[in-house]
Amino acid sequence: MRRLRWGRRAVALLVVAALLAASAVVALVATIDRQRDVGVADREVSSPAPAPSGASGGLARFYDQQIDWQRCGDAYQCGRLEVPVDYADPAGASIQLALLRVPARDKDRRLGSLIVNPGGPGGSGVDYAAAADGIVSPAVRDRYDLVGFDPRGVDRSEPVDCLSDAQLDAFLAADPTPDDKREVSGLVGADKEFAAGCRMRAGALLAHVGTAGVARDLDVLRGALGDERLHYLGKSYGTLIGAEYLRLFPRRAGRVVLDGAVDPALTAEQFALGQASGFEQALTSFLADCVRHDCPLGADVTTARAGLTRLLGRLDAQPLPTRSGRRLTEALAVLGVAYPLYLPPDRGYPALRAALHEALGGDGSALLGLSDDYTQRHPDGSYDGNSNEAIYAVNCLDRQDVTGPAQVAAQLPTFERASPTFGRYIAWSGLPCAYWPVPPSGRPAPVAAPGAPPVLVVGTTGDPATPYAWAVSLAEQLDSGVLLTYVGSGHTAYRHGSSCIDDAVDRYLLEGQPPAAGTRCR
């Protein structure tokens with residue numbers, strides 16, 4: 001799984017791509033173009049099924065394209081998919097999306113392709129698919145080709161790149177909770193600089209990286225793979241892509257799993273308030289565990305929450321030193337606290353407790369390390385991919401309703417009631433969208449998807465980034481939605497330790513049989 005990003009620097013959810021066991025994939029995918037250049041021919045060309053898409057006119061050439069699959073590792077095949085930049089102008093400019101396929105092991109019983117997305121906005125589907133053995137069960141792995149793609153504007157697919165690594169360091173570390181006019185002015189300046197960098201570096205693509213375009217790309221990929229119906233596993237923001245696909249192409253859907261669901265009807269403010277409440281609930285669960293294990297923050301939950309608030313306040317005034325020579329700012333500390341709340345408690349809680357012990361002792365190294373894990377920053381100052389920038393590029397197109405600092409200031413009391421710890425951070429984190437160089441193209445609305453087969457929506461009761469209420473709402477909106485509940489903590493549920501969840505999802509993917517309505521798992 002992967003991560004949400006907010007607390008000064010980003011309202012969104014980026015699922016922590018299954019352990020990033022596939023870090024070597026960066027090099028593997030990079031070999032595709034080199035192979036073309038030197039004529040290495042370990043290839044397989046996919047032949048699309050006759051007109052599975054119903055596409056005609058200018059889009060037909062995209063649906064009818066053949067993917068030139070080239071081996072890029074013992075178990076992987078890499079390729080490229082051409083899609084139009086603007087679906088309203090298919091004869092205009094086009095871009096190439098990076099693909100990775102892990103072929104089914106049981107070819108005689110193959111069910112087709114299962115396209116996977118880990119979330120984001122900004123998560124790499126290529127990396128996610130390369131971690132195939134961790135993200136689906138062995139039985140699903142046997143029967144499906146797992147296919148991942150980097151969405152438009154992400155990582156290897158014409159990435160939106162707005163800042164240098166040094167500028168991104170400063171952006172992520174900047175004061176997330178301005179206390180006076182001078183600090184508000186500094187925040188506005190940083191956000192304007194970020195937006196201007198995106199305008200200058202991303203060009204015309206910046207207006208076309210919204211979720212609706214990604215969903216249309218998903219259908220082109222389905223057609224080019226030769227599949228009559230889309231089989232799809234989306235997590236976190238990947239569920240929003242799936243929901244948009246169901247809105248546009250309900251009768252082309254096959255077996256669709258939406259795990260850690262986002263409610264597509266939410267405005268930006270509702271979305272941010274939901275996450276504020278979700279993270280406060282997750283923090284309370286951590287603190288309740290912490291006070292049972294020599295908690296450095298205090299002896300009870302109330303005292304411990306106050307202790308964390310004091311620590312963050314001190315960091316606002318005086319960042320902590322770390323062993324790397326960098327300073328742990330308030331903003332980076334918030335990210336370091338948030339990251340472990342995504343993880344199953346047996347992994348996340350001990351790491352966070354130990355980092356807080358160090359920080360209260362005057363050393364911010366461990367908490368900074370958690371923050372770097374969250375933002376995918378390497379010790380040399382480089383970053384994996386472009387998720388820290390793509391997240392804004394997508395969100396500001398999809399649900400831009402922040403007008404400026406006066407609006408944020410007026411909303412602060414509401415956010416602080418929703419989350420005394422994180423409310424201010426999350427309220428200010430959407431401010432870059434007020435200065436975005438292209439107008440929004442999305443419009444939050446419920447999705448019904450009439451004619452779609454059963455759609456499996458999975459929600460976790462203690463999910464911090466995609467609150468359980470969002471899964472309930474999405475399942476109710478969909479004409480054929482089926483809600484599967486995991487009573488537990490952490491972000492998303494499938495393949496995270498519950499055999500009940502795993503068995504139910506597997507049965508659906510392998511047999512097309514969803515669980516009974518109201519099924520709850522632990």
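Atom set for the values below is all heavy atoms of this structure, side chains included, hydrogens, waters and symmetry mates excluded. Here the structure is a predicted model, which means the values were calculated and not measured.
- Panel note: side chain Ser157, backbone Ala98; a donor-acceptor pair is recorded below 3.5 Å.
- Among pairs with a residue in residues 500-512, those fulfilling side-chain hydrogen bond (donor to acceptor under 3.5 Å, both in side chains) read Ser137-Asp506, Tyr494-Asp506, at least two apart in sequence or across chains.
- Ser419 and Arg424 share no side-chain donor-acceptor pair at under 3.5 Å.
- Shown here is Arg110, whose CZ atom has more than 12 heavy atoms of other residues, nucleotides or ligands within 6.0 Å.
- Between the side chain of Ser371 and the backbone N or O of Leu367 there is no donor-acceptor pair closer than 3.5 Å.
- Asp259 and Lys235 are joined by a salt bridge, as a carboxylate oxygen and a charged side-chain nitrogen come within less than 4.0 angstrom of each other.
- Asp142 meets the salt bridge (charged side-chain N to carboxylate O under 4.0 Å, His left out) test with Arg105; sequence neighbours excluded.
- In this structure, Arg101 fails the cation-pi test against Tyr76, since its NZ or CZ atom is not both closer than 6.0 Å to the six-membered ring centre and inside 45 degrees of the ring normal.
- Remark: Leu240 CG to Leu258 CG distance equals 10.0 Å, nearest 0.5 Å.
- No hydrogens or angles considered: nothing links the side chains of Asn388 and Thr375 as a donor-acceptor pair under 3.5 Å.
- Sorted by first and then second residue, the pairs that involve residues 464-522 and meet disulfide (SG to SG under 2.5 Å), not counting sequence neighbours, are Cys500-Cys521.
- Using cut-offs of 30° and 60° for the angle between ring planes, the Trp470 and Phe271 rings count as parallel.
- Donor-acceptor pairing under 3.5 Å is recorded for the side chains of Glu280 and Thr421.
- Side-chain N/O atoms of Arg399 and Thr267 include no donor and acceptor closer than 3.5 Å.
- A donor-acceptor contact closer than 3.5 angstrom links the side chains of Thr485 and Tyr468.
- Salt-bridge annotation for Asp384 and Arg377: absent, with no side-chain N of the basic residue lying under 4.0 Å from a carboxylate O of the acidic one.
- Defined by atom type and a distance below 3.5 Å, a donor-acceptor pair is missing between the side-chain atoms of Tyr144 and Asp106.
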Mind running side chain to side chain donor-acceptor pair (under 3.5 Å) on Gln270 and Asp263 for me, showing each step along the way?
CA-CA 10 Å; Gln270 291 169 333; Asp263 183 347; over 6 Å; no
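- In this model, no donor atom of one side chain and acceptor atom of the other lie less than 3.5 Å apart for Gln281 and Ser285.
- Judged by distance alone, the side chain of Asp479 and the main-chain N or O of Ala449 form no donor-acceptor pair under 3.5 Å.
- Side chain to side chain, Tyr245 and Asp219 meet the donor-acceptor criterion of an N or O pair below 3.5 Å.
- Ion pairing between Lys107 and Asp145 fails under the 4.0 Å rule for side-chain N and carboxylate O.
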